[in-house]
Structures are given as structure tokens and as C-alpha cells.
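Right, one structure below, let's go through it.
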Amino acid sequence: MKKYLIEVFRLTSEKLDYLKDIDLILTVPALAKHGDFSTNVAMLLTKKLRRNPKEIANEIISELVYDKNIIEKIEIAGPGFINFYFSPLYVTKIVKDIVESKDEFGRSKKHAGKKAIVEFVSANPTGPLTVGHGRNAVYGDTVANMLEWVGYSVDREYYFNNAGRQMRVLGESVKFRYLELLGQTLEFPEDHYQGEYIKDIAKGLIDQYGNKLVDEPADGIFKATAEQEIFKDIENTLKSLNIKFQNYFNENSLYESGKIKELLKIFAERNLSYEKDGATWLKLTELGNEMDKVIVKSTGEPTYRLPDIAYHTTKFDRGYDLIIDIFGSDHNATYPDVMAGLRSLGYDTDKVKVLIHQFVTIMQKGEVVKMSTRKANFITLDELVGEVGGDVVRYFFNMRGISSHLNFDLELAKTQSDENPVFYLQYAHARISSIFRMTKGEELQLSVENLDLLTSEEEQNLLKKLHQFQEEMLYSAESFESHRITAYLEELAALFHRFYTQCRIIGSEKKLAEARIALCTATQTVLRNGLKILGVSAPDKM
RNA sequence: GCGCCCGUAGCUCAACUGGAUAGAGCAUCAGCCUUCUAAGCUGAGGGUUAGUGGUUCGAGUCCACUCGGGCGUACCA
């Protein structure tokens with residue numbers, strides 16, 4: 001419907017010059033009586049043309065050339081909105097498109113041929129993923145799905161660091177538990193990792209090696225085994241949420257390949273860095289940021305900025321057109337330094353989109369749970385998936401805009417999971433499957449020959465919502481807003497449930513029944529396609 | 001102090017990027033199953049959009065200030 005209107009306006013702008021350089025905004029009005037689509041162009045032009053909006057609207061309408069079989073009525077309303085009403089017959093045509101395109105319906109080729117990389121999760125292997133990581137993981141994977149849906153070829157990447165202090169402490173923590181389990185009494189350091197999982201890893205080592213490792217350094221087999229086990233857990237957790245990475249990028253490889261040294265050399269050569277107090281500083285003030293920052297400590301160890309910049313240069317060098325980083329809000333101060341560094345090297349940082357999501361607050365028994373991996377008072381993502389299931393977790397984290405702080409009430413998630421909107425969507429899908437099982441026995445078949453019979457209010461509203469799918473997906477993908485998809489699907493499911501209650505199939509006249517089967521098929525296809533982008537399953541039975 | 005984010009119904013959140021009467025779910029109340037799944041449908045109540053000013057045809061949305069909350073503000077990542 002919208003595409004048709006845009007074309008009509010394009011043709012009209014050849015006659016009315018003032019329409020040429022205006023941004024045509026067509027929206028679906030909140031109220032049905034305001035039509036199927038509405039535009040405010042006349043109001044936007046008042047200032048420029050110094051004329052009354054209604055007068056302008058009248059002039060535009062009189063020049064519009066359109067097919068009366070498609071648009072039934074055009075009205076001017078309120079302060080100068082132009083409202084369009086489509087013909088019921090045209091509205092029904094969407095069913096044919098959907099039935100023909102099936103799983104491909106709603107895709108867009110707009111960004112075909114472009115490559116994107118989405119970096120997310122990127123948690124270092126020091127412990128299991130927390131509920132907090134869950135938001136990052138689910139959102140990142142959904143962004144990747146959305147981009148694929150509109151034509152991008154997407155790589156999902158997990159960046160990690162298995163060197164440095166954190167990992168040393170991890171190895172020591174495991175060794176402590178190992179010695180404890182062998183009967184030694186030790187005082188476990190408070191700043192070490194205290195989670196049960198550390199004991200499990202230590203226990204595994206005893207099962208395999210007995211007490212032969214007593215003299216091994218913490219940095220050796222203890223650390224290595226911990227990393228391996230933890231990564232295995234992380235991968236399993238992600239798998240339970242349908243998330244799979246194409247690539248795990250080890251920060252260490254940047255040192256091994258000489259990338260870090262190379263970068264330091266370039267910064268020095270271009271006079272972008274300097275030495276002070278035994279450390280190397282990057283001249284960020286010259287690059288427009290507030291203060292210079294250390295990139296190599298006086299100990300000779302680089303700070304996170306240097307490898308981060310190096311890492312990003314590899315993303316550019318690998319030829320991505322769109323580079324997406326997904327971070328929690330605790331990183332919001334770090335990326336401007338990295339971006340400035342990249343700009344100074346001549347990279348076009350417009351290609352980089354840093355998407356920062358706010359934190360998840362866990363509420364338990366009415367209180368906020370403070371979480372720390374070290375103290376092990378976190379709630380793992382695994383536990384959450386175990387309690388409510390992967391579909392609910394995926395849906396829940398996709399339901400909200402990323403800039404809003406998210407309250408996750410554990411009791412609510414557990415006890416009222418039946419009321420979760422995800423079931424509402426899945427139920428609509430399952431109901432349609434059930435219809436098909438029943439109609440098969442009645443020898444009714446899908447037919448797109450008599451779609452003109454779909455004239456009831458419930459049918460027309462459902463059809464109009466189906467028309468919006470492709471555009472909604474494109475908009476969601478381009479604005480990286482997965483919560484728009486959940487909102488759309490909830491509206492679609494609501495319209496279907498209303499249709500279901502009001503319009504029977506079995507018992508209706510054959511032609512009408514078969515047209516309704518086509519409508520159900522179309523609805524189910526759109527529900528399934530939408531759920532697929534969200535990474536949520538579409539069951540045939542519930 | 002400074003930077004980013006947030007403040008909308010009892011609770012959790014939307015609001016098509018400045019549009020028409022601010023919407024959903026949960027919770028509460030009242031109805032609807034001899035017919036394709038009642039995990040559903042219909043209806044009711046619930047709001048000074050934290051506050052005060054401003055910008056304009058028009059503000060939850062933009063600007064300024066105030067109040068309240070989250071995350072940062074390292075030679076930690």
C-alpha cells in the first residue's frame with residue numbers, strides 16, 4: 001500500500017514542484033477512521049509556501065493521479081492531514097504475494113551485496129554468562145538476524161582476552177580449590193573467583209590427574225583447563241538460545257601477528273603519541289577528545305585501548321561495510337577513545353555503529369540483586385534459561401528498547417511465564433496449524449481465487465497489518481530496534497485472534513472457507529518469519 | 001563536578017522520530033466455550049507523561065533549568 005502511495009506522489013511531484021524536495025512521511029494513523037495511511041505534507045509546507053494547509057492539501061489532492069480501484073477515498077482532516085483509504089479488494093491482494101513468497105516474504109534486497117560484522121557477548125572466559133550478558137547476547141544475535149533479513153551478509157564475532165590479570169587470578173583460584181580438595185587448609189583470597197564452578201573445574205582435575213598437579217604452576221594447566229571448561233559452558237548456554245558465532249577472535253592474536261607493535265610504530269611516526277612518566281600516551285586531545293590517555297603503561301603492558309584499536313582495524317581491513325559493536329552501558333566511556341584512534345589512522349568510523357544497551361536489573365523478592373562474577377552472587381543465564389526456557393528469554397530481551405533500563409523480576413518470570421506475550425504469539429501460530437489439521441479432514445483447500453470475499457472488519461484489519469510487515473522489518477533493521485518486531489507481531493497476533501473468534505472456516509460456504517484458509521496461511525507465514533528473526537520457535541502445537 | 005542513559009496507568013514497558021482522543025501486557029472487576037486449541041475473545045476502571053519555563057499551527061517527543069534513579073569518569077578490561 002505504502003509503495004503505491006509513494007509512487008503516486010512521485011508522479012505528482014512532476015507537476016507540483018514544491019513536492020519535489022520534501023520528505024514524504026506516510027504513517028498509519030492510530031485511529032481507523034483516519035484512514036489506512038496519512039500524510040502531513042500539507043502542514044509541513046505551510047511555512048515555505050505561506051499558505052493555509054487545507055488549501056495546499058486540496059491542491060495536492062486535485063493533482064494526484066491514482067487508480068480508483070486501489071485507492072477508494074482521499075480526505076482532508078483535522079488541521080490539514082491527507083488521509084487515504086484503500087479499496088477492500090486491493091487490500092486482499094497481499095495474501096497472494098505471501099502465499100507465493102512463503103518463507104521469503106518480507107525480506108528486502110535493499111542492502112544486498114553488503115557485508116556486516118556484529119561483535120557481541122565478548123565476555124572473557126572467567127565465569128559463566130550472567131543474565132546481564134543475556135541481554136547483550138540476545139540483542140546482538142537479533143540485530144544480526146535483522147540485517148540478514150534486509151540483505152546483508154553477516155558475521156557474528158566474539159572477541160575475548162585470555163591473558164592478563166583476570167585470567168591469572170582465575171588459574172590461581174582453581175589451584176586453590178584443587179589444593180583444598182586434596183586436604184590442604186588454605187585461606188581462600190577474597191579477591192579470587194568464589195563461584196561453585198571453580199570447585200567443579202578443580203574436581204575435574206582431581207578426577208583426571210589425582211594429586212599429580214600439586215607442583216604445577218597456576219598459570220599452566222589450571223588456567224588452561226579453566227578457560228577450556230568455561231568456554232564450553234558459554235558455548236552451551238549460547239546454543240540454548242540459538243546463538244552461534246562464526247568467529248572467536250582472540251585478543252592475543254593481535255600481539256602474535258605484530259599488529260600491536262605495528263600500530264605503536266604508526267602512532268609514533270605520525271606524532272600521535274608521546275612518552276611521559278614512563279608510559280606512552282595517545283594524543284586524544286588533538287583528535288577532539290577531552291584528555292590524552294595511556295596506551296602503554298610504564299610496566300610495558302598496553303591498556304585495553306591499544307588492542308581495541310588494533311582489533312577494529314582488522315574489521316576494516318576485512319572489508320566490512322557495516323561494523324556493529326554491542327556493549328553494555330559500562331563501556332560507554334571507552335569507545336570514543338577507540339573511535340578517535342581509528343579516525344586518526346584514516347578509517348571511516350561512520351561505518352561503525354556502537355550500540356549500547358542499558359543494564360538489566362534483577363529483582364528478587366522485591367529487592368535489587370547486585371551482581372559480581374568474582375563474588376559469584378550472580379544469576380547465570382543458564383539458570384534463567386532453565387527456569388523459563390530459551391524462547392521466553394529471547395523474547396523478553398527483545399521486547400524492550402535498548403536505551404531503557406530493564407527490570408527483570410525473577411519471581412514474575414518464573415511464576416507467570418504463562419502470561420508472557422511470547423505464548424500469545426506462539427499460540428496464534430499453533431492455532432493456525434490446528435485449523436489446517438481440521439480443514440484437511442473437511443476436504444477444504446487453500447485458494448486465492450476468491451479473496452474478494454474477505455470483506456469483514458476482522459479480515460480487513462488483519463490484511464492491512466500483513467501489508468505492513470516488510471516495511472516494519474526494514475525499519476527495525478535499519479534502526480537496530482528489535483522491540484519494534486515484537487510490538488508488530490503482538491498486534492498481528494491480536495488481530496488474528498479476533499478474526500479467529502469472529503470468522504469460522506469449517507461451516508462457512510466453501511469459497512469463503514478456502515479464501516480464509518489462504519488468509520490463515522498468510523498470517524502464519526508472517527508470524528513464523530517474524531519469530532524466526534527474533535530467534536523464537538513457532539510451534540504447531542501447544 | 002563532568003559524560004551517557006532513564007523517569008509515561010498499581011507493576012513492566014510502547015508510542016512509526018514533532019501529529020489527530022498517550023497505547024499494550026500483567027494485576028483488578030464484569031461477561032463469553034454442545035461448533036476449527038478459553039495459553040483465546042468482549043467490556044469496565046485506572047494518566048497533570050517527575051516538576052517549572054520556553055520553541056510553534058501542534059510537545060511524552062526538541063531546548064533550558066530543577067528534582068530523582070542507573071552506568072561511567074584509571075598507567076582495570
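Labels below follow one simple rule: chain letters A, B, ... track the order of the sequence lines, proteins then strands, and each chain is numbered from 1. Bear in mind the structure is a predicted one, so any value in this text is a computation, not a measurement.
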Detail all sub-3.5 Å separations between protein N/O atoms and N/O atoms belonging to nucleotides 69-73 of chain B.
| from | atom 1 | to | atom 2 | distance (Å) |
| --- | --- | --- | --- | --- |
| G69(B) | N2 | H405(A) | NE2 | 3.1 |
| C71(B) | OP1 | K370(A) | NZ | 3.3 |
| C71(B) | O2' | S329(A) | O | 3.1 |
| C71(B) | O2' | D330(A) | N | 3.2 |

Counting the atoms with a prime plus P, OP1 and OP2 as sugar-phosphate, which does D540(A) contact under 4.0 Å by heavy atoms, base, sugar-phosphate, or nothing? base
Expressed as a whole number of Å, how far does the P atom of A14(B) sit from that of A30(B)? 32 Å
Taking N and O atoms by type only, does the side chain of S38(A) place a donor or acceptor under 3.5 Å from a partner on the base of A20(B)? yes
Which of the following nucleotides, C36(B), G40(B), A77(B), is nearest to the side chain of M438(A)? C36(B)
Inter-nucleotide P distance (A24(B), U66(B)), Å rounded: 37 Å
In whole angstrom, what separates E290(A)'s CD from G1(B)'s C1'? 12 Å
Between G78(A) and S403(A), which has a closest nucleotide on RNA chain B that is more 5'? S403(A)
Contacts of R305(A) that satisfy side chain to side chain contact (heavy atoms under 4.5 Å, CB included) - sequence neighbours left out: K293(A), I295(A), T303(A), D337(A)
Would U17(B) be called syn or anti, given that syn covers angles within 90° of 0? syn
From CD1 of I260(A) across to P of A77(B) the rounded distance in Å is 12 Å
Take atom CG of D391(A) and atom P of A39(B), then tell me their distance rounded to the nearest Å. 18 Å
Lys/Arg cation over aromatic F480(A): R484(A), 6.0 Å, 45° cone: no
If you measure from the C1' atom in A59(B) to the same atom in G18(B), how many Å do you get, rounded? 7 Å
On the nucleotide A77(B), are OP1 or OP2 found under 4.0 Å from the side-chain N or O atoms that N161(A) carries? no
With rounding to the closest Å, how many angstrom separate the P atoms on U12(B) and G53(B)? 28 Å
Any residue in residues 496-506 of chain A with a heavy atom nearer than 4.0 angstrom to RNA chain B? Just list them by number, or reply none. H497(A), R498(A), Y500(A), T501(A), C503(A), R504(A), I505(A), I506(A)
Would you confirm whether the ring centroid of Y4(A) sits within less than 6.0 angstrom of the ring centroid of F84(A)? no
Could you check whether N83(A) gets within reach of a base, just the sugar-phosphate, or nothing at all, counting any heavy atom under 4.0 Å? base
Ring centres of F37(A) and Y85(A) under 6.0 Å apart? no
Figure out the CE/P separation between M167(A) and C76(B), and round it to whole Å. 19 Å
Pairwise P distance for C41(B) and G25(B), with rounding to whole Å: 8 Å
Just to confirm, is there a sub-4.0 Å distance from OP1 or OP2 of U21(B) to any side-chain nitrogen or oxygen of K33(A)? no
Separation between CD1 of I505(A) and CD1 of I517(A), rounded to the nearest 0.5 Å: 5.5 Å
Determine, using ring centers only, whether F469(A) and Y488(A) are less than 6.0 Å apart. yes
Taking the P atom in each of U61(B) and C16(B), what is the distance between them to the nearest angstrom? 12 Å
Checking all strands, does D308(A) fall into the base, sugar-phosphate, or nothing category for heavy-atom contacts under 4.0 angstrom? nothing
For the pair K315(A) and E119(A), find out whether any cationic side-chain nitrogen is under 4.0 Å from an anionic carboxylate oxygen. yes
About how many Å separate CG of D292(A) and CG of L272(A), when rounded to the nearest 0.5 Å? 10.5 Å
Given the side-chain rings of Y159(A) and Y311(A), with only the six-membered ring counted for Trp, is the space between their centroids under 6.0 Å? yes
Closest of A38(B), C41(B), C75(B) to the Y427(A) side chain is A38(B)
Look at all strands and tell whether A430(A) reaches a base, only sugar-phosphate, or nothing, counting heavy atoms closer than 4.0 Å. base
Is there side-chain contact between V392(A) and F423(A), with heavy atoms separated by less than 4.5 Å? yes
Syn or anti for C63(B) (syn when the glycosidic angle lies within 90° of 0): anti
Please give, in whole Å, the distance from A74(B) C1' to E301(A) CD? 14 Å
How many Å lie between CD on E458(A) and P on C41(B), as a whole number? 13 Å
Sequence neighbours left out, what pairs pass side-chain hydrogen bond (donor to acceptor under 3.5 Å, both in side chains) with at least one residue falling in residues 25-37 of chain A? D36(A)-K464(A)
Toward the 5' end of RNA chain B, which comes first, T299(A) or T46(A), by nearest nucleotide? T46(A)
Would you say the ring centroid of H497(A) lies under 6.0 angstrom from that of Y424(A)? yes
Can you classify the ring geometry of F245(A) versus F120(A) as parallel (below 30°), tilted (30 to 60°) or perpendicular (above 60°)? tilted
Report the secondary structure of RNA chain B in dot-bracket form, marking unpaired bases with a dot and bases paired to a different strand with |, and treating Watson-Crick or G-U pairs with both distances under 3.5 Å as paired. (((((((..((((.....[...)))).(((((.......))))).....(((((..]....))))))))))))....
Whether R431(A) contacts A38(B) is assessed here as follows: a side-chain N or O lying under 4.0 Å from the phosphate OP1 or OP2. Is that the case? yes
May I ask you to decide whether K510(A) forms a salt bridge with E514(A), counting only side-chain N to carboxylate O separations under 4.0 Å? yes
Euclidean distance, atom CG of residue L462(A) to atom C1' of C41(B) [Å, nearest integer]: 15 Å
Between G10(B) and U52(B) - C1' atom distance, rounded Å: 27 Å
Classify the nucleic acid contact of I356(A) as base, sugar-phosphate or nothing, counting any heavy atom under 4.0 Å across all strands shown. nothing
Rounded to whole Å, CG of D337(A) lies from P of A74(B) at a distance of 10 Å
Face-on cation placement of R431(A) at F496(A) ring, 6.0 Å and 45° thresholds: no
Are the side chain of N398(A) and the backbone N or O of R394(A) linked by a donor-acceptor pair below 3.5 Å? yes
Walk along nucleotides 14-19 of chain B from 5' to 3' and tag each nucleotide B, S or - by protein heavy-atom contact under 4.0 Å, base first, then sugar-phosphate. SSBB-B
Between G7(B) and C76(B), how far is it from one P atom to the other, in whole Å? 36 Å
Is there a side-chain contact between Y395(A) and the phosphate of C13(B), meaning an N or O under 4.0 Å from OP1 or OP2? no
Give the ring-plane orientation class for H331(A) versus F327(A), where under 30° counts as parallel, over 60° as perpendicular and anything between as tilted. parallel
